[in-house]
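Scroll down for the structure; my scribbles are underneath it.
All of these numbers come straight from a predicted model, not from anything done at the bench.
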Amino acid sequence: SLLFTTWDRFSRNSHDSIIMIEKLKNHGITTIAIEQPLDLSIPENKAMLAIYLILPEIDNDRRSIKIRGGVRAALKAGRWARVAPLGYRNTRDEKNKSIIVPSDIAKHIRYMFAECTKGISQAFIREELKQKGLGISRSAMSEMLRNPLYAGLIRIPSEGDEPEALIKGLHEGIISEELFYRTQSI
């Protein structure tokens, strides 16, 4: 037997749970929720099992919606509410709200953008950054050069009827908007 306290400790995905319960049963292992015991040999108890398994999944889905809404609201307010990208670090402002601030390697990010606008190849810039202690991949550098966050801007992705938007962030840009747009034109 496999013992656990409640069915939501077994799994929070009803579909996968049913499959796993059947696999365990085929191996001679019975699943028992100590606080929610069910005799699964009784067909009607399968309906109760479905309820026990679906409620935690619904709870997860609801939390996910709330979190996405909260992150979107923070973005619309100009606040970056995710892990800080390279060149920034996460911290808190005077109101204890999350914000990003330039880190010690912000100077390398400035250098990368400036050199790029001079027509210097990304491969050469990456090699120079590597010698300065900042190793980044080709794809990471390309993504960074296209990221408006470095210019103090926040991209709000489209959702539903709302189109994608670019707004001024509350954080300090590592580079100027002018340098960012010159980089984009190259």
Atom CD of Glu177: over 12 foreign heavy atoms under 6.0 Å = yes

Interatomic distance, Ile21 atom CD1 to Asp16 atom CG [nearest 0.5 angstrom] | 11.0 Å

Answer whether the closest heavy-atom distance between the side chains of Asp8 and Leu55 falls below 4.5 Å.
-> no

Quick check: does any side chain N or O of Arg110 sit under 3.5 Å from a backbone N or O of Ile174, one acting as donor and the other as acceptor?
-> yes

Roughly how far, to the nearest 0.5 Å, is CD of Gln36 from CE of Met48?
-> 7.5 Å

Does Thr183 use its side chain to pair, donor to acceptor, with the backbone of Leu179 at less than 3.5 Å?
-> yes

Determine yes or no for a side-chain-to-main-chain donor-acceptor pair under 3.5 angstrom, with His108 supplying the side chain and Gly133 the backbone.
-> no

Test item: Gln184 side-chain N/O and Leu145 main-chain N/O as donor-acceptor pair under 3.5 Å = yes

Please tell me if the side chains of Thr31 and Met20 come closer than 4.5 Å, counting only heavy atoms from C-beta onward.
-> no

Do other residues, nucleotides or ligands put more than 12 heavy atoms under 6.0 Å from Lys97 NZ?
-> no

Taking the side chain as every heavy atom from C-beta outward, state whether Ser142 and Gln122 have any pair of such atoms under 4.5 Å apart.
-> yes

For Ile100 and Ala84, work out which heavy atoms get closest and say how close.
-> CG2-CB, 3.7 Å

Could you state whether Val71 and Leu166 fall into the same hydrophobic cluster, counting links through intermediate Ile, Leu, Val, Met, Phe, Trp or Tyr residues with side-chain heavy atoms under 4.5 angstrom apart?
-> yes

Got Met112 and Leu134 here, is their nearest side-chain heavy-atom distance under 4.5 Å?
-> no

Could you tell me whether Arg92 atom CZ has more than 12 heavy atoms of other residues or ligands within 6.0 Å of it?
-> yes

From Ile186 atom CD1 to Ile120 atom CD1, the distance as rounded to the nearest 0.5 Å = 10.0 Å

Walk me through it: do Asn45 and Leu49 pass the test side chain to side chain contact (heavy atoms under 4.5 Å, CB included)?
-> CA-CA 6 Å; Asn45 281 348; Leu49 174 63; over 6 Å; no

Identify the two heavy atoms, one from Ile136 and one from Arg126, that lie closest to each other, and give their separation to 0.1 Å.
-> O-NE, 3.1 Å

Between Glu162 and Arg72, does at least one N-O distance fall below 4.0 Å, as a salt bridge requires?
-> yes

d(Ile18 CD1, Lys23 NZ) to nearest 0.5 Å is 13.5 Å

Is there a donor-acceptor contact under 3.5 Å from the side chain of Asn90 to the main chain of Val83?
-> no

In terms of hydrophobic clustering (I, L, V, M, F, W, Y; side-chain heavy atoms under 4.5 Å; direct or indirect links), are Ile167 and Leu170 co-clustered?
-> no

For the hydrophobic clusters of this structure (ILVMFWY residues joined by side-chain heavy atoms under 4.5 Å, transitively), does one cluster hold both Ile105 and Val101?
-> no

Ile34 reachable from Phe10 in the ILVMFWY side-chain graph, under 4.5 Å edges | no

Residues Leu75 and Pro157: closest non-hydrogen pair is CD1-CD, 4.3 Å

With hydrophobic residues grouped by side-chain heavy-atom distances under 4.5 Å, do Ile99 and Ile154 end up in a single group?
-> no

Let me see the working for Leu40 and Thr30 under side chain to side chain contact (heavy atoms under 4.5 Å, CB included), right down to the final yes or no.
-> CA-CA 9 Å; Leu40 296 178; Thr30 56; over 6 Å; no

So how far is it from Cys116 SG to Phe124 CZ, rounded to the nearest 0.5 Å?
-> 13.5 Å

Asp104, CG: over 12 other non-hydrogen atoms inside 6.0 angstrom | no

Side-chain contact test, heavy atoms from C-beta onward, threshold under 4.5 Å: evaluate it for Lys118 versus Glu115 and give yes or no.
-> yes

Ignoring hydrogens and angles, tell me if any N or O in the side chain of Ser11 forms a donor-acceptor pair with the backbone of Asn13 under 3.5 Å.
-> yes

Going by heavy atoms in the side chains, are Ile32 and Leu2 under 4.5 Å from each other?
-> no

Between Tyr150 and Tyr88, what is the ring plane arrangement, given parallel below 30°, perpendicular above 60°, and tilted in between?
-> parallel

Donor-acceptor pair, Arg79 side chain versus Ser98 backbone, under 3.5 Å?
-> yes

Validation row: Trp7, Leu38 side chains within 4.5 angstrom (heavy atoms) = yes

Can you see which heavy atom on Thr117 is nearest to which on Ala114, and at what distance?
-> OG1-O, 2.7 Å

Non-hydrogen atoms of Ala81 and Ala74 that approach each other most closely = CB-CB, 3.8 Å

Atom pair NZ (Lys46) and OG (Ser41), whose distance is rounded to the nearest 0.5 Å = 9.0 Å

Answer yes or no: is there a side-chain heavy-atom contact under 4.5 Å between Ile19 and Glu22?
-> no

Within a radius of less than 6.0 Å around NZ of Lys168, do more than 12 heavy atoms belonging to other residues, nucleotides or ligands occur?
-> yes

Would you name the heavy atoms of Ala151 and Phe180 that are closest together and state the gap between them?
-> CB-CB, 3.6 Å

